[in-house]
Number of protein chains: 2
Amino acid sequence: MAEGGRARRVTMLDVAEAAGVSYQTVSRVINHHPSVKPETRARVLDLIKQLNYRPDRAARSLAAHRSWTLAVISCGIEFYGPMQMLINIEHSAREAGYDVLNANLGLHQGNSLHSALDRLFSWRVDGALLIASVAAQSAEHVIAQLSGTPLILIDTAYGSSAPSVIIDQHAGGVAAARHLIDLGHREIALICGPVDWYGALTRREGWVAGLRDAGIAPALIEMGDWTPASGYQAAARIVDAGARCTGLLVGNDAMALGAISALKARGLAVPGDVSVTGFDDMPESAYFDPPLTTVAQDFSALGRQGMAYLIELIGDPEAANGQRLIPPRLVVRASTAARA
Amino acid sequence: MAEGGRARRVTMLDVAEAAGVSYQTVSRVINHHPSVKPETRARVLDLIKQLNYRPDRAARSLAAHRSWTLAVISCGIEFYGPMQMLINIEHSAREAGYDVLNANLGLHQGNSLHSALDRLFSWRVDGALLIASVAAQSAEHVIAQLSGTPLILIDTAYGSSAPSVIIDQHAGGVAAARHLIDLGHREIALICGPVDWYGALTRREGWVAGLRDAGIAPALIEMGDWTPASGYQAAARIVDAGARCTGLLVGNDAMALGAISALKARGLAVPGDVSVTGFDDMPESAYFDPPLTTVAQDFSALGRQGMAYLIELIGDPEAANGQRLIPPRLVVRASTAARA
DNA sequence: AGACAAAATGTGAAGGTTCACATGCCGCCT
DNA sequence: AGGCGGCATGTGAACCTTCACATTTTGTCT
C-alpha cells in the first residue's frame with residue numbers, strides 16, 4: 001500500500017486464483033449458495049479474510065439489479081417523534097442486513113422531494129420507507145415516482161389503506177382525554193400541532209372523540225408548531241382569552257413544557273389549577289416540574305414493524321394489506337390531578 | 001409498464017439513440033463536459049427528461065471509481081448533541097451534492113465498528129466523517145481500515161492533531177465557570193458526563209481551569225450518563241453528601257433538568273440556594289423552571305465546517321491541517337443568580 | 001487556399017459482480 | 001453394466017457507465 005497510485009482493489013478474481021477455484025465459486029461462497037463443498041468454502045473464506053477482500057457493492061448491484069439498500073425519506077426530523085422513528089427504522093434495517101440511504105427533505109420541500117427521489121431511484125434501492133408525517137408530501141407522488149419499488153408509509157394518515165405503520169394516536173388522544181375526564185375535569189382546552197401533520201390531526205380527533213363520549217366539547221382550541229415556544233404562546237393565549245379551563249391537552253411534550261411555563265407565569269398552578277397532558281414521553285418529560293402525564297409511543301416497535309412490513313413487501317409485492325397500528329400507552333405522572 | 005417482468009431500465013444508450021448521438025455524448029452532457037455543442041446538449045437534455053432517464057449510480061461508481069457518496073459514522077445519536085451533528089452534517093453533505101450513507105454504531109459497539117466500516121468501504125465512499133464523541137472508538141482503527149479514504153473527525157479529543165472539527169467545549173466550560181464565579185459563588189460542584197466521552201472530559205477541564213483561575217477547586221465531582229435520570233441521581237448524591245455548594249456546573253441540559261428536579265425535591269431553590277448551568281441549549285431549555293443558563297453550541301456551523309474540511313481533503317489529501325474549533329456561546333437565563 | 005489547432009463527437013475497453021447455462025464427476029438404480 | 005439424477009464447479013455474457021484514445025468537423029491564421 002501507499003504505492004504511489006491508489007492501491008488496486010482486491011477483487012473476486014484475486015481470491016479465486018489464490019484459492020485455486022473460479023471466480024464463480026467465490027461468488028457462490030459469498031452468496032451462501034448451497035452447493036459448494038464445505039472444504040472449498042472454508043478455503044475460500046480463509047483467503048477472503050487473508051486478502052481482506054470485500055465485495056464491491058457497485059458492481060454487485062449493477063449485476064444483480066438490486067442493491068441491498070433501502071431508502072428512508074423523512075421530513076422535519078428536528079422534532080422528537082420523527083427523529084426517533086428515523087433512528088429506529090435505520091436500526092431495524094441494519095439488523096435485517098440492509099444499508100440505508102437517507103433523504104431528509106426538511107419541512108419546506110419545494111421540489112426537493114422530486115430530486116430526492118431521483119437520487120434514491122438512481123441507486124436502485126430495493127425498497128423505501130417514507131416518514132410521511134406531513135400531509136403536504138403527497139405520498140401518491142412518491143409512490144408514482146418510485147414506480148414499483150416497495151414502499152411503506154410511516155406515521156401517515158390514520159386509517160389510510162396504503163401499506164403503512166403508525167402509532168395509534170387516536171387511541172392515545174382518547175386515553176388522554178378520558179384521563180382528564182376521570183379526574184373530574186369538564187372545561188378542557190386543546191393545544192394542537194400544525195394542521196398539516198397527520199399526527200396532530202389524529203391526536204386532536206382522539207381528544208375530541210374522548211370528550212364527546214363524556215358529552216363535552218373542547219373549551220378552546222389553540223395551535224402550535226411543536227416547539228416549546230409555541231406551546232408557551234398558545235397557553236398564554238388561552239389564559240388571556242379568559243377561558244376558564246382546568247384541563248389542557250397538548251399535542252406533544254415540548255409544547256406542554258412551554259404551556260406549563262406560561263401557566264405558571266400567569267400565576268396558575270399545575271396541576272393545582274390546571275391539569276396538563278403531553279404526547280411522546282421524551283426522556284426529559286419525567287423531570288419536568290411537575291413531571292408530565294403524557295402518552296408514550298413505542299418508536300422502537302414502529303421501526304421494527306415498519307421494516308418487517310417492508311421486507312414482506314419486497315418478498316411479495318402483493319402482500320400489501322393496509323395499515324398496521326401500534327398501541328400507545330398513557331403514562332400518568334404529576335401534571336394531572338383531580339379537579340379541585 | 002406493469003409489463004409482466006420488471007420494466008427495463010432506461011439507459012444512456014436509449015437516450016443516445018433517441019437523440020441521434022453516441023452514448024458518450026450523453027455521458028458528456030450528464031457530466032457537464034464543456035465540449036458539447038449547445039444545441040446537442042439541449043436536445044439530449046430534452047430527451048433525458050422525456051424518457052425520464054436517470055443515470056445508474058452503481059454503474060457510474062463502478063466505472064468512475066468514485067461514488068459521490070459520503071459515510072457518516074456515528075454513535076450514541078440518541079443524545080441531543082450527536083444527533084444535531086448528524087442532522088447538520090447530512091444537510092451540508094447534500095448541499096455539496098453528496099449522498100450520505102449512515103452507519104450508526106450504537107454505544108456498545110463490540111465489533112460493530114469493524115463490520116460497519118466493511119460495509120462503507122464496500123461502497124467506495126469518497127470520504128467519511130466520524131462523529132468520534134466516544135473515546136473507545138479508537139479513531140486510528142477507523143483510519144487504518146478506511147485505507148486512504150479522506151476522513152474528518154467530529155467532536156473528538158480537544159487538541160487532537162488529526163483533521164477534525166469540534167466545538168470548543170473547553171472555552172465553554174471556562175465561560176460557565178467564570179459566570180458562576182462572577183456571580184460570587186465559591187463552593188461549586190460538578191456533574192460530568194461519562195468519562196469515555198471526549199466532550200465530557202473537555203467540559204470538565206474547562207470548568208476546572210475556570211475555577212482554578214479564581215483559586216477555587218471543585219467542591220465535589222459527580223458523574224452522570226447524559227440522561228435526566230442520572231442528573232437527578234448525581235445531584236441527589238451531592239446534596240446527601242452534605243456538600244455545601246451554591247453553584248452546580250452540569251455537563252448537559254438534560255442532566256441539568258434532572259439535577260434541578262432533585263434539588264427542588266430536597267427543598268433547595270434554584271437559583272435561590274443553588275445556581276445551575278447546563279450545556280447544549282436544547283430548544284426546551286429556555287422553558288425549564290427556571291429557564292436554564294447554558295452553553296449554546298452551533299451545530300449547524302459544525303456540520304458546515306466539517307463538510308467544507310472534508311471536501312478540501314477529497315480535493316487534496318495533503319490539505320489536512322489539524323483541528324478547527326468552533327466557539328460556543330454562554331446563554332444566561334434564570335437558573336443562575338448572584339450568591340445570596 | 002492550405003494547413004493546423006481546437007472543438008465536437010465517436011469507438012473500444014474496462015470496471016467487478018451475477019445470471020444462465022454448460023460441463024465434469026460421483027453414486028445409485030434396475 | 002448402462003444410464004440417469006444431483007452435486008460441484010466452470011464459462012461466457014450482461015449490467016451501465018467512464019476512461020483513454022481515435023476520428024471527424026469547424027474555425028482561424030497566413
I need the [atom1]-[atom2] distance between [X] and [N], as an integer number of Å.
| X | N | atom1 | atom2 | result |
| --- | --- | --- | --- | --- |
| A:Leu62 | C:dA14 | CG | P | 17 Å |
| A:Trp68 | C:dG16 | CH2 | P | 23 Å |
| A:Asp56 | D:dC16 | CG | P | 16 Å |
| B:His33 | C:dT9 | NE2 | P | 10 Å |
| A:Lys37 | C:dC26 | NZ | C1' | 10 Å |
| B:Trp123 | C:dT17 | CH2 | C1' | 13 Å |
| A:His32 | C:dT18 | NE2 | P | 12 Å |
| B:Arg54 | D:dC16 | CZ | C1' | 16 Å |

Q) Is any side-chain N of the basic residue among B:Arg57 and B:Asp99 closer than 4.0 Å to the acidic one's carboxylate O? A)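 Looking at B:Asp99 together with B:Arg57, the answer is yes, because their closest N to O distance falls below 4.0 Å.
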Q | B:Arg304 with B:Glu90: basic N within carboxylate O range, under 4.0 Å | A |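 No, B:Arg304 and B:Glu90 are not salt-bridged.
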So what does [X] hit on the nucleic acid, given a heavy-atom distance under 4.0 Å: a base, only sugar-phosphate, or nothing?
| X | answer |
| --- | --- |
| B:Arg124 | sugar-phosphate |
| A:Thr11 | sugar-phosphate |
| B:Arg57 | nothing |

Residue [X], side-chain heavy atoms: nucleotide from [options] that is nearest:
| X | options | answer |
| --- | --- | --- |
| A:Val36 | D:dT9, C:dG16, C:dT18 | D:dT9 |
| A:His65 | D:dT17, D:dC15, C:dT9 | D:dC15 |
| A:Arg60 | C:dT9, D:dT9, C:dT18 | C:dT18 |

Q.
Between B:Tyr309 and B:Asn321, is the side chain to side chain donor-acceptor pair (under 3.5 Å) condition met? List the steps.
A. CA-CA 10 Å; B:Tyr309 201 164; B:Asn321 62 348; 3.0 Å; yes
Using only atom types and a distance under 3.5 Å, with no angle test, would you say the side chain of [X] pairs donor to acceptor with the backbone of [Y]?
| X | Y | answer |
| --- | --- | --- |
| A:Arg124 | A:Arg66 | no |
| A:Thr40 | A:Pro38 | no |
| B:Asn31 | B:Arg28 | no |

(Q) What residues from residues 20-31 of chain A pass a heavy-atom cutoff of under 4.0 Å to DNA chain C? (A)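 Contacting residues: A:Tyr23, A:Gln24, A:Ser27, A:Asn31.
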Q) For DNA chain C, whose closest nucleotide is more 5', that of A:Met12 or that of B:Pro34? A)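 The residue mapped nearer the 5' terminus is B:Pro34.
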Q: State whether B:Ser61 places a side-chain N or O below 4.0 Å from either non-bridging phosphate oxygen (OP1 or OP2) of D:dT17.
A: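 No, no such contact exists.
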Q: Answer with yes or no whether the side chains of B:Ser160 and B:Gln323 bring together a donor and an acceptor at under 3.5 Å.
A: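 B:Ser160 and B:Gln323 do not have a side-chain donor-acceptor pair below 3.5 Å.
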Q: Would you kindly compare B:Tyr53 and A:Arg43 by the position of their nearest DNA chain D nucleotide and give the one closer to the 5′ end?
A: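 Looking at the nearest nucleotide for each, A:Arg43 comes out on the 5' side.
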